[in-house]
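Each residue takes its place number in the sequence, starting with 1.
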Amino acid sequence: MGYAMVLGEALVDLIETEYDGAPVYRQAIGGGPLNVAVGVARLGGAAQFVGSLGDDALAGRIRDFLASAGVGLDGVVTVPAATALAVITHSGAEPDFRFYGEPPSYGLLDVDDLDVALVEGADVLYCGSVVLLRPAVLAAARRAWSLAPGLRVFDPNVRPRLLDGTAALTELREVVAEFAAGAHVVKLSEADAALLYPGEPTEGVAAYLRELGAATVVVTLGADGALLAAADADPVRVPAPRIDPVDTTGAGDSVMAAIIADLLVGGEPAEPAGWIERVVFALRVAGLVCESPGGATSMPTRAAVLARFAD
């Protein structure tokens, strides 16, 4: 089994909660791609995180956390910037993210920082999330995507607060189409699909991404599970397990992590039934994440998932 290279952002989340009847913010290390890298490692896979980190104490904590989780740091660069923050509040089904830090510490990786040998040695390459809105990191991601010899997985992980008007959304759609065209797996949320392709049914979005070239598309549907479009089979809906949710932060990232971890072990399933088994497991991973507070800190081990959902 080789390793997954996860290219994206790492930052610090400030998550709204309550203490003595007053709103407070709990600090947690986060960023969708960081969550993915940690999730892969916790599930028994090898992961290398690639991105830019600031030069402050918070960045030091991020490095220490990744190292303690078993995630490799060979592709990490240090930049002269304060660690970016994401303030997360809940007023509906989806969390609201507000980002602070300009330029953001995670947006300063460029093409020259990319370790080509690390890319060429990876069995799986993950690209996606908010770093693709930063020109320098987008260029680095494109370079990695073009060089990757293994499986390529993509997750747009859209954050509406970072999109400045219709033109930015149009540009993001073009980036999504570009990466989806060369992807072995695309994972996105129902909210991502609705923002990128308003008015289109989920099945239609999955079909469109597959027409672009994506081999397999997984659309997470929250408590309703996921939609899977794989091979030439009709899309199928995979139900989520019954859980007692506490915090949904990182749930979608854990689905991506579980898919990547299984790709490292067994490659792409040859039949749709094999993909269904993978998605069932990934939704169980997400279910266990939702039963604990936090994002990266709640990523479970494979043994914990099997024990929680023994059947």
Side-chain angles (χ1 to χ4, degrees), residues 4 6 8-17 26-45 47 49 62 65-66 68-71 86 88-90 92-97 126 128-129 153 155-159 185 187-192 218-228 238-264 277-311:
V6 178
E9 75 269 11
L11 42 76
V12 170
D13 292 330
L14 299 179
I15 305 171
E16 185 181 43
T17 184
R26 175 173 54 83
Q27 181 186 133
I29 290 169
L34 178 143
N35 292 340
V36 171
V38 172
V40 170
R42 291 264 174 85
L43 290 168
F49 180 76
I62 292 172
F65 178 78
L66 285 169
S68 67
V71 176
I88 306 172
T89 57
H90 292 269
E94 291 290 327
D96 179 42
F97 291 79
Y126 162 101
S129 202
V153 300
D155 180 358
N157 198 28
V158 183
R159 296 292 177 243
V185 182
K187 197 284 294 180
L188 70 164
S189 70
E190 190 174 29
D192 293 338
V218 178
V219 185
T220 55
L221 308 172
D224 292 327
L227 176 80
L228 168 66
V238 182
R242 292 186 178 183
I243 60 168
D244 298 314
V246 172
D247 182 358
T248 62
T249 304
D253 302 327
S254 71
V255 169
M256 186 83 271
I259 289 172
I260 291 173
D262 281 347
L263 287 174
L264 286 172
E277 291 178 4
R278 299 274 181 93
V279 174
V280 167
F281 177 73
L283 292 175
R284 290 179 174 182
V285 173
L288 193 51
V289 166
C290 290
E291 290 186 329
S292 301
T297 56
S298 65
M299 294 292 164
T301 63
R302 191 173 293 269
V305 178
L306 296 176
R308 169 63 179 84
F309 298 104
D311 53 19

With side chain to side chain contact (heavy atoms under 4.5 Å, CB included) as the test, would you mind laying out the steps for Asp155 and Val36 before giving the verdict? CA-CA 10 Å; Asp155 180 358; Val36 171; 5.8 Å; no
Side chain to side chain contact (heavy atoms under 4.5 Å, CB included) evaluation trace for Val38 with Leu66: CA-CA 7 Å; Val38 172; Leu66 285 169; 3.9 Å; yes
Do Ser129 and Glu9 pass the side-chain hydrogen bond (donor to acceptor under 3.5 Å, both in side chains) test, and can you show the C-alpha distance, the side-chain angles, and the key distance before you say yes or no? CA-CA 8 Å; Ser129 202; Glu9 75 269 11; 2.6 Å; yes
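Among all heavy-atom pairs drawn from Ala69 and Ala41, the shortest one is O-CB, 3.4 Å. Here the closest heavy-atom approach between residue Pro241 and residue Phe309 is recorded as CB-CE2, 3.6 Å. Of all non-hydrogen atoms in Pro33 and Gly128, the two that sit nearest each other are CG-O, 4.2 Å. Of all non-hydrogen atoms in Asp244 and Glu291, the two that sit nearest each other are N-OE2, 3.0 Å. Here the shortest heavy-atom pairing between Ile243 and Pro245 reads O-CD, 3.3 Å.
Residues Ser254 and Asn35 are not in side-chain contact: their nearest non-hydrogen atoms beyond the backbone lie 4.5 Å or more apart. Side-chain contact check for Val218 versus Val238: every heavy-atom pair is 4.5 Å or farther apart. For the pair Leu263 and Arg278, the minimum side-chain heavy-atom distance is below 4.5 Å. When side chains are defined from C-beta on, Val185 does not count as touching Tyr126, because their heavy atoms never get closer than 4.5 Å.
Distance check: Ile88 CD1 to Ile15 CD1 gives 4.5 Å after rounding to the nearest 0.5 Å. Distance check: Ile260 CD1 to Leu43 CG gives 10.5 Å after rounding to the nearest 0.5 Å. With rounding to the nearest 0.5 Å, the separation of CG in Leu288 from OG in Ser298 is 8.0 Å. Here CG of Asp13 is found 9.5 Å from OG1 of Thr297. Values are rounded to the nearest 0.5 Å. Atom CG of Leu11 and atom CD1 of Ile62 lie 6.5 Å apart (nearest 0.5 Å). Taken to the nearest 0.5 Å, the CG atom of Leu14 stands 6.5 Å off from the CD atom of Gln27.
Not a single donor-acceptor pair under 3.5 Å links the side chain of Ser292 to the backbone N or O of Val289. A donor-acceptor pair is defined here as one N or O able to donate and one able to accept, closer than 3.5 Å; such a pair exists between the side chain of Asp247 and the backbone of Thr249. A donor-acceptor pair is defined here as one N or O able to donate and one able to accept, closer than 3.5 Å; no such pair exists between the side chain of Thr248 and the backbone of Ala251.
For Asp262 and Arg302, the salt-bridge test passes: some basic side-chain N is under 4.0 Å from an acidic carboxylate O.
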